[in-house]
Amino acid sequence: MQIVFHLGAHGTDDGLLIRSLLQNRARLAGEGVSVPGPMRYRELFSDISTRLRGDTADPETEALILEAIRSRADDERVILSNENFLCRPCMTVGSDGLYPKADKSAWLAACLPQHTAGFAIGIRNPASYLPEIARRLSEDEPLPDEILLDSLLWSDVIADIGTANPGAEILVWCHEDTPFIWSELMREVAGVDPYFELDGEFDMLETIITEDGMSQLEDFLASRSLTDQISRRRAVSAFLEDHAIEEKVVEDIEFPGWTNETVDMLTEIYDEDVAQIAALPQVTFVSP
């Protein structure tokens, strides 16, 4: 059985991906895919992985976890999601880069040693990621005083996950692309056919487009029976241009000491970093 650990990242979909998949729990069950409710396993994994600290779980511990997450004995795939699987928000940025504890992904896999682990993670431009993380933190858990901006490389995070989990599949996408690839992303995480029918394929888009725009887009797609992803993306782009909720799509980035040049520099580094990630071994990169 394959266990897919959705690792977040923090500040990307904020739990929307697992909620969208949960809408389809019964439908996916027919394909051998289990989507357990997060309350069934989040605390359990936290407790057991911390206790084991990377050591392999014994058969009794593994059986305990399987009882919590598996709906049927013949499940072929189980999807688990927790943006805190690797660490809490205050630990996502270190003086030496993003997610310095990414190798703890192997702790998750060690909890279910008789099964195959895979990982899924959305990444985000550090120019907007750092301000978002800073907003989430309390005064008792601030970001590091010194952050090397050119060390904020998601490729290092993905490489660390790959090194810690040789041969594991790693699904990666950009948070900025999610309104356009949401339905594909849901299917990739679920491991089903590209044309498998799922509810919730516009869940992310609905967070950034007006209600009227969403209604018009759905009518447009239904009237033309568009099924290929390229045509659907073009339609989404056109309707977003006219009906986007401005404050949701135009980010006012503010961070102490940053200038417009800082944001431009981080964005350029991010664009180059994304290209490197797409070429990494073990990675399946979902893009528009």
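Every heavy atom of this structure was used, including side-chain atoms; hydrogens, water molecules and symmetry mates were not.
Within the 4.5 Å cutoff, the side chain of Ile277 has heavy atoms near those of the Ser155 side chain. Residues Val4 and Phe119 form no side-chain contact, since every pair of their non-hydrogen atoms from C-beta on lies 4.5 Å or further apart. Using a 4.5 Å cut-off on side-chain heavy atoms (C-beta onward), Ser183 and Phe202 make no contact. A 4.5 Å side-chain heavy-atom check between Arg135 and Pro131 finds at least one atom pair inside the cut-off. You'll find the side chain of Thr163 stays beyond 4.5 Å of the side chain of Asp103, heavy atoms only. Residues Pro89 and Asn84 have side chains in contact (heavy-atom distance under 4.5 Å, counting atoms from C-beta outward). Between Leu80 and Phe85 the shortest side-chain heavy-atom distance falls below 4.5 Å. Contact check for Leu205 versus Met214: side-chain heavy atoms found under the 4.5 Å cut-off.
Clustering ILVMFWY residues whenever any of their side-chain heavy atoms sit less than 4.5 angstrom apart, transitively, puts Leu149 in the very cluster that holds Leu153. Cluster membership for Leu148 and Leu98, using ILVMFWY side-chain heavy atoms within less than 4.5 angstrom, is not shared. In the hydrophobic cluster analysis, where Ile, Leu, Val, Met, Phe, Trp and Tyr join through side-chain heavy atoms closer than 4.5 angstrom, Val157 is grouped apart from Trp107. Hydrophobic clustering keeps Phe45 apart from Met91 (ILVMFWY residues linked when any side-chain heavy atoms are closer than 4.5 Å, directly or through intermediates).
In this structure, OH on Tyr41 lies 5.5 Å from OG on Ser81, to the nearest 0.5 angstrom. One distance of note links CD1 of Ile69 with CG of Leu44; it measures 9.0 Å at 0.5 Å rounding. Rounding to the nearest 0.5 Å gives a distance of 7.5 Å between CD1 of Ile245 and OG1 of Thr207. The CG atom of Asp156 lies 8.5 Å from the CD atom of Gln276; values are rounded to the nearest 0.5 Å. With values rounded to the nearest 0.5 angstrom, Ile3 atom CD1 is found 11.5 Å from Gln114 atom CD. The CD1 atom of Ile170 sits 5.5 Å away from the CD1 atom of Ile161 when rounded to the nearest 0.5 Å.
A donor-acceptor pair under 3.5 Å is formed between the side chain of Gln282 and the backbone N or O of Asn165. Of the possible donor and acceptor atoms, none in the side chain of Arg77 sits under 3.5 Å from a partner among the backbone N and O of Val33. A donor-acceptor pair is defined here as one N or O able to donate and one able to accept, closer than 3.5 Å; no such pair exists between the side chain of Glu76 and the backbone of Gly32. Side chain of Arg136 to backbone of His10: no donor-acceptor contact under 3.5 angstrom is found.
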key: Check against side-chain contact (heavy atoms from CB on, under 4.5 Å), Glu169 and Gln2   = CA-CA 10 Å; Glu169 298 178 4; Gln2 184 169 38; 3.9 Å; yes

key: side-chain hydrogen bond (donor to acceptor under 3.5 Å, both in side chains) assessment of Thr61 paired with Asp58   = CA-CA 5 Å; Thr61 300; Asp58 58 38; 2.8 Å; yes

inquiry  = If you apply the rule side-chain contact (heavy atoms from CB on, under 4.5 Å), what do you find for Lys101 with Leu86, and how did you get there?
reply    = CA-CA 7 Å; Lys101 296 184 180 296; Leu86 297 180; 5.7 Å; no

task = Go through the steps to decide whether Ser128 and Arg124 satisfy the test side-chain hydrogen bond (donor to acceptor under 3.5 Å, both in side chains), and finish with yes or no.
result = CA-CA 7 Å; Ser128 64; Arg124 181 171 177 173; 2.9 Å; yes

task = Verify ring-ring contact (aromatic ring centres under 6.0 Å, His included) between Phe180 and Trp173, making sure each step is shown before the conclusion.
result = CA-CA 11 Å; Phe180 305 97; Trp173 62 93; over 10 Å; no

request  = Show the numbers, then the answer: is there a side-chain contact (heavy atoms from CB on, under 4.5 Å) between His115 and Met1?
outcome  = CA-CA 5 Å; His115 300 274; Met1 183 170 66; 3.3 Å; yes

ask   = Are Cys87 and Tyr99 close enough, and set up right, to give a side-chain contact (heavy atoms from CB on, under 4.5 Å), and what steps lead you there?
value = CA-CA 8 Å; Cys87 62; Tyr99 284 86; 3.9 Å; yes

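With sequence neighbours excluded, the residues forming a side chain to side chain contact (heavy atoms under 4.5 Å, CB included) with Asp212 are Thr210, Gln216, His243, listed by chain and number.
Defined by atom type and a distance below 3.5 Å, a donor-acceptor pair is missing between the side-chain atoms of Asn125 and His175. A donor-acceptor pair shorter than 3.5 Å can be found between the side chains of Asp203 and Ser20.
The two residues Asp13 and Gly8 come nearest to each other via the heavy atoms OD2-O, 4.3 Å. Contact record, Pro288 with Ile181: N-CG2, 3.6 Å, taken as the closest heavy-atom pair. Across all non-hydrogen atoms, the minimal contact from Val35 to Arg25 is O-CD, 3.4 Å. Among all heavy-atom pairs drawn from Phe285 and Cys174, the shortest one is CZ-SG, 3.7 Å. The shortest heavy-atom contact between Ile48 and Cys111 is CG2-SG, 3.9 Å. The two residues Ala57 and Pro113 make their nearest non-hydrogen contact at O-CG, 3.7 Å.
Around atom CD of Glu268, no more than 12 heavy atoms belonging to other residues, nucleotides or ligands sit under 6.0 Å away. Summarising the local packing, CZ of Arg53 is surrounded by 12 or fewer heavy atoms from other residues, nucleotides or ligands at distances under 6.0 Å. Within a 6.0 Å sphere centred on CD of Glu62, other residues, nucleotides and ligands contribute more than 12 heavy atoms. Residue-environment remark: CZ (Arg234) stays at or below the threshold of 12 foreign heavy atoms within 6.0 Å.
Between Arg233 and Asp177, none of the side-chain N atoms (NZ, or NE/NH1/NH2) sits under 4.0 Å from a carboxylate O, so this pair counts as no salt bridge. Between Arg88 and Glu83, none of the side-chain N atoms (NZ, or NE/NH1/NH2) sits under 4.0 Å from a carboxylate O, so this pair counts as no salt bridge.
Results of the side-chain contact (heavy atoms from CB on, under 4.5 Å) test with Trp182 over Val286, Val236, Leu16 single out Leu16 as the only residue that passes.
You'll find the ring centres of Trp154 and Tyr129 inside the 6.0 Å limit.
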